[in-house]
Structure formats: C-alpha cells, structure tokens
Peer 1: 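The structure follows.
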Number of protein chains: 2
Amino acid sequence: MATPLEKARRDPNSMKAKILTSARKIFSKNGFSGTTTRMIAKAVGIDISTLYYHWGEKADLYNAVLMDTQEELKQELKRIERVIHGKPLPKRLEIAINESCDFLYKNSEITNLILLNYFTKPKGKDIAEFHFIDIITGIAISMGLAMDKDKITKQAKARVMVVMLSLFNFIAGKKYLSPIIGAESQDYLNVVKETLNFILIPAFVQDKKAIES
Amino acid sequence: MATPLEKARRDPNSMKAKILTSARKIFSKNGFSGTTTRMIAKAVGIDISTLYYHWGEKADLYNAVLMDTQEELKQELKRIERVIHGKPLPKRLEIAINESCDFLYKNSEITNLILLNYFTKPKGKDIAEFHFIDIITGIAISMGLAMDKDKITKQAKARVMVVMLSLFNFIAGKKYLSPIIGAESQDYLNVVKETLNFILIPAFVQDKKAIES
DNA sequence: ATCTGCTTGCATCAATTGATGGAGAGACTA
DNA sequence: TAGTCTCTCCATCAATTGATGCAAGCAGAT
C-alpha cells in the first residue's frame with residue numbers, strides 16, 4: 001500500500017511530483033500563509049483545480065512537502081553516518097559538518113521549510129510536526145555523545161542543537177547574512193564550515209570525556 | 001518634529017501605542033501574511049478603520065513594529081554594555097549572556113519578529129531592513145574582538161552571529177525546542193545560558209589572543 | 001465503435017482581506 | 001449656539017483566495 005507521497009516520489013515526471021517540487025520551492029520562500037495555491041499552479045503551468053485534484057486542500061499539500069523534505073534530510077543524514085562510520089571523532093565531526101553544509105546549501109529549501117515550520121505555525125490547520133528530536137538524538141549518538149537514546153543529557157542535546165540551528169540559520173538566512181559577514185557564495189560557505197568546526201569540535205570532545213569518566 | 005513612532009512611545013495609553021503593542025504581539029506570532037488587520041483591531045477592541053486611521057496601511061504598521069522592536073533591542077544592548085564596561089573579558093561575556101537571555105526571554109516577540117523578518121519577507125511591499133550588522137559589530141567591538149568597526153574579520157562576525165542566532169532561535173523556538181531538550185521554563189533558560197557560555201567563552205578568548213598577537 | 005476510468009481546465013462560489021468614505025460623537029473655542 | 005478638530009465606528013468595495021461542480025479530453029479495454 002503506497003502513500004500518495006511515495007507514489008509521487010517514484011515517478012518524478014508525474015503531475016503529482018511536479019506539483020510537489022514546485023510547492024516545496026514556493027512554500028519555502030513564502031511560508032504557508034504567504035503562499036497561494038494559484039502561485040504553485042502557475043509555477044507548474046496548470047489550473048488550480050488540477051492541483052486540488054491531486055493533493056486535496058492546501059494544508060495537505062503543505063504537509064506532504066514537509067514529510068517529503070524530512071524524509072530527504074533523514075536519508076542524507078543516514079548517508080553521512082555511513083561515510084563517517086568507524087573514523088576517529090574529530091575526523092567524523094569535520095566530515096559531517098562539511099557534507100551537511102554542502103547538502104543543505106544545495107537544497108536550501110529544506111532549512112527554510114524547517115525553520116518556518118517552527119516559528120510560524122498555521123493555526124487551526126492540522127500541520128504535521130517535524131521530527132527534530134529524532135535528528136538531534138541521532139546526531140548525538142552518532143557523535144558518541146551518549147550511549148543510548150534515553151540517556152542523553154540536556155546539555156548534550158542543547159549543544160547539538162546549537163550546531164544544527166546555526167547551520168540551518170546560516171543557510172536559510174544566507175541572503176541576509178552574507179552581506180553582513182562580508183563573504184559571498186563559496187567563500188561564505190567556507191566561513192560557515194570553519195565557524196561550525198571551531199565551535200563544535202572542542203564542545204563535543206569535552207563532552208565525550210565527561211561521559212566516559 | 002516627532003515621528004509617529006516616537007509619539008506613540010511617549011504615551012503608552014494612546015490608541016496609537018495600544019495598537020502598536022497588540023500588533024507586535026500578533027505579527028510576531030503569525031508573521032506578516034499570517035496576520036490580518038482585523039486580528040489586531042479585535043485584540044485592541046476597535047474597528048479596523050480606526051487602525052487604518054492611526055497607522056495607514058498594514059505594511060506601515062508592520063514597519064513601525066519592526067523599528068520599535070529594533071530600538072528597544074538596541075537600548076537594552078546599550079544598557080548591558082554599560083553594565084559590563086571595564087570588567088575582565090570572561091566576566092563580561094558571562095554577564096552579557098545572562099542579561100540578554102533574561103531580556104529576550106521576557107520579550108520573546110523580539111526574537112520572533114527579527115527571525116521572521118529574515119526568513120520570510122513580504123514581497124512587493126516596502127519593508128524596512130533590520131540593522132543586524134550594527135548589532136553584530138557592536139557586540140564584536142564590545143567583546144574586544146576588534147579594535148574598530150572596519151577591521152572585524154569574517155570569522156569574528158560569524159562567531160558573534162552563531163551566538164546571536166542560537167540565542168534568538170532558542171528563545172523564539174522555545175515552545176518547540178524545550179520538549180526536545182527536556183527542560184521547561186527556568187530550567188530551559190538555564191540550559192541555554194550554560195550552553196552559550198560553553199560555546200562562547202573559549203571562542204572569544206582564543207579570538208582575542210589571535211588579534212593581539 | 002462504445003464504454004469506462006483517469007486527468008484537466010473553465011466557470012463559479014463564498015469567505016476573507018486590505019482599504020476607504022462618510023456620518024456621528026465628543027471636546028474645545030469663539 | 002455655531003464652528004471646528006479629532007477620533008471612532010458602520011457600511012461597503014474590489015481583489016484575492018481556498019475550494020468545487022462539471023463537462024470535455026483521452027487512453028485503454030471490451
């Protein structure tokens with residue numbers, strides 16, 4: 001039994017998938033209430049009734065976009081985890097930062113969607129939650145900050161969160177932050193990576209020592 | 001010659017000020033496009049035409065809210081700077097984090113407004129920019145990260161930014177992040193302070209050494 | 001060719017929303 | 001009292017927006 005979302009992902013040329021792709025782009029730029037179904041339909045080149053035929057009401061489409069995005073992010077994190085597996089901690093951190101920066105930079109809609117979903121939630125609508133907690137605990141364990149899921153300290157979670165939020169904000173707010181920092185595109189991305197490394201590595205190494213003692 | 005904003009601030013009981021206060025609350029919760037002038041008018045207990053009489057179009061009111069918020073934040077930062085002036089660096093950092101956390105926690109609309117203004121910008125409208133750069137450079141200098149305004153390294157700005165964005169996100173996203181971390185209200189605030197101290201202090205101390213050498 | 005099921009666009013609706021005109025209430029002055 | 005100025009609300013508009021009914025198009029099966 002395939003969900004509508006799985007069906008859409010399977011064939012990227014299907015109308016359902018095309019709508020989903022455009023919707024992601026537009027929702028991530030304007031948020032839920034800043035986006036109209038007509039905007040999306042126009043971007044795809046179809047009538048809004050076709051959009052409603054495939055996805056039902058606006059909130060349903062928005063939810064599908066969120067779930068789709070979340071799934072993509074999780075897949076990427078799994079991929080990174082496979083890459084860094086077995087390596088020593090500092091190397092692991094460095095690679096993880098590097099890879100996730102590159103990935104999010106190329107897919108900056110992801111960060112926008114997640115942050116917007118956190119800061120503005122359409123009221124009265126039944127909007128799905130982003131499973132931030134899974135991601136945070138996943139990273140914490142993968143970084144050796146905790147042995148099992150239920151034994152992660154608040155402090156550890158908060159530190160992982162600082163890195164995640166910083167990264168997300170740097171990517172999502174790139175347009176506004178890069179003139180402030182004074183670095184564009186690749187240069188900007190490098191400063192971000194450097195900064196995250198600078199912050200992350202001592203924090204995690206120290207944290208790990210605390211756990212092992 | 002007093003601007004409308006100054007006039008409104010002078011008398012908090014004036015209709016202009018009451019509208020401004022309600023508008024701030026509602027805009028910060030729903031963003032620009034998620035907020036209707038009717039919501040604001042209803043919260044104040046007036047007709048929308050009264051709102052339009054005092055503030056003109058929606059974007060003007062939104063701009064006034066942004067400017068008002070920015071001004072308040074700048075005043076608070078100045079106050080903090082006075083408090084920490086002359087103290088040794090680590091103490092300065094600790095106090096600054098503590099004070100700004102408390103302030104933003106009590107006035108969490110500020111962080112929401114700023115972040116929303118960065119991630120979703122109403123298109124076609126003439127919305128004022130938040131002077132993030134002033135704040136960042138101000139902090140950098142106050143923290144001894146640079147000697148004058150034009151000689152702040154990209155790295156220094158990025159590090160100040162990490163702290164600012166983390167703080168803003170922790171406050172603005174409190175509702176969603178506190179269950180993840182597993183700490184509520186005052187406990188949450190303490191974890192945030194602790195985490196920021198943990199990250200900030202080594203970064204800034206090391207940076208200062210680099211400058212002085 | 002006819003039937004069936006899936007897909008698409010046209011026309012349309014009701015509700016919402018930003019915005020305004022004008023009338024009336026109240027205060028103050030002459 | 002009459003005049004004026006400020007502020008408030010009621011009524012209303014045009015545009016936008018989420019959503020749907022329906023007929024036409026089209027492919028494949030019978």
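Values below: every heavy atom of this structure, side chains too, minus hydrogens, waters and symmetry copies. Throughout, protein chains are lettered first and strands after them, A, B, ... in sequence-line order, and every chain is numbered starting at 1.
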Peer 1: I'd like to know whether the aromatic ring centres of B:Y118 and B:F130 sit less than 6.0 Å apart in this structure.
Peer 2: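 Here the rings of B:F130 and B:Y118 have centres that are no less than 6.0 Å from each other.
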Peer 1: Would you kindly give the CH2-to-C1' distance between B:W55 and C:dA19, to the nearest whole Å?
Peer 2: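 It is 18 Å, rounded to the nearest whole Å.
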Peer 1: For A:K42 and C:dC10, give me the distance from atom NZ to atom P, rounded to whole Å.
Peer 2: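 Those two atoms, NZ and P, are 15 Å apart.
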Peer 1: Would one find a side-chain N or O of A:H54 under 4.0 angstrom from OP1 or OP2 of C:dC6?
Peer 2: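 For A:H54, the contact criterion (side-chain N or O under 4.0 Å from OP1 or OP2 of C:dC6) is not met.
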Peer 1: Considering all heavy atoms of both residues, which atom of A:A64 and which atom of A:W55 are nearest to each other, and what is their separation?
Peer 2: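 Distance-wise, the nearest heavy atoms are CB-CZ3, 3.5 Å.
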Peer 1: Would you classify B:I48 as touching base, sugar-phosphate or nothing, given that sugar-phosphate means primed atoms plus P, OP1 and OP2, and contacts are heavy atoms under 4.0 Å?
Peer 2: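 If one applies the 4.0 Å heavy-atom cut-off, B:I48 turns out to touch a base.
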Peer 1: For A:K18 and A:N13, work out which heavy atoms get closest and say how close.
Peer 2: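 Closest pair (atom of A:K18, atom of A:N13, distance): CE-O, 3.5 Å.
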Peer 1: Report yes or no: does A:N63 contribute a side-chain atom to a donor-acceptor pair with the main-chain N or O of A:A128 at less than 3.5 Å?
Peer 2: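 The answer is yes, because a donor-acceptor pair under 3.5 Å joins these two groups.
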Peer 1: Between B:E94 and B:N197, which heavy-atom pair has the shortest distance, and what is it?
Peer 2: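 What the structure gives for the nearest pair is CA-OD1, 3.7 Å.
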Peer 1: Using whole Å, report how far CD of B:E57 lies from C1' of C:dT20.
Peer 2: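 Distance, rounded to whole Å: 13 Å.
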Peer 1: Would you say a side-chain N or O of B:Y52 is under 4.0 Å from OP1 or OP2 of C:dT20?
Peer 2: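 For C:dT20, OP1/OP2 do not have a side-chain N/O of B:Y52 under 4.0 Å.
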Peer 1: At a heavy-atom distance below 4.0 Å, which nucleotide of DNA chain D is the first touched by chain A, and which is the last?
Peer 2: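 Contacts span D:dT17 to D:dG21, reading 5' to 3'.
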Peer 1: Between A:Y176 and B:F132, does the ring centre distance come in under 6.0 Å?
Peer 2: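 No: the rings miss the under 6.0 Å criterion.
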Peer 1: Can you name the closest pair of heavy atoms from B:K25 and B:E109 and give their distance?
Peer 2: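 The answer is CG-OE2, 3.8 Å.
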Peer 1: Which ones in residues 32-41 of chain B lie close to DNA chain C, meaning a heavy atom under 4.0 Å from one of its atoms?
Peer 2: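 Close to the strand are B:T35, B:T36, B:T37, B:R38.
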Peer 1: Of the non-hydrogen atoms in B:A183 and A:K154, which two are nearest, and what is the gap between them?
Peer 2: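 So the two residues come closest at CB-CD, 4.0 Å.
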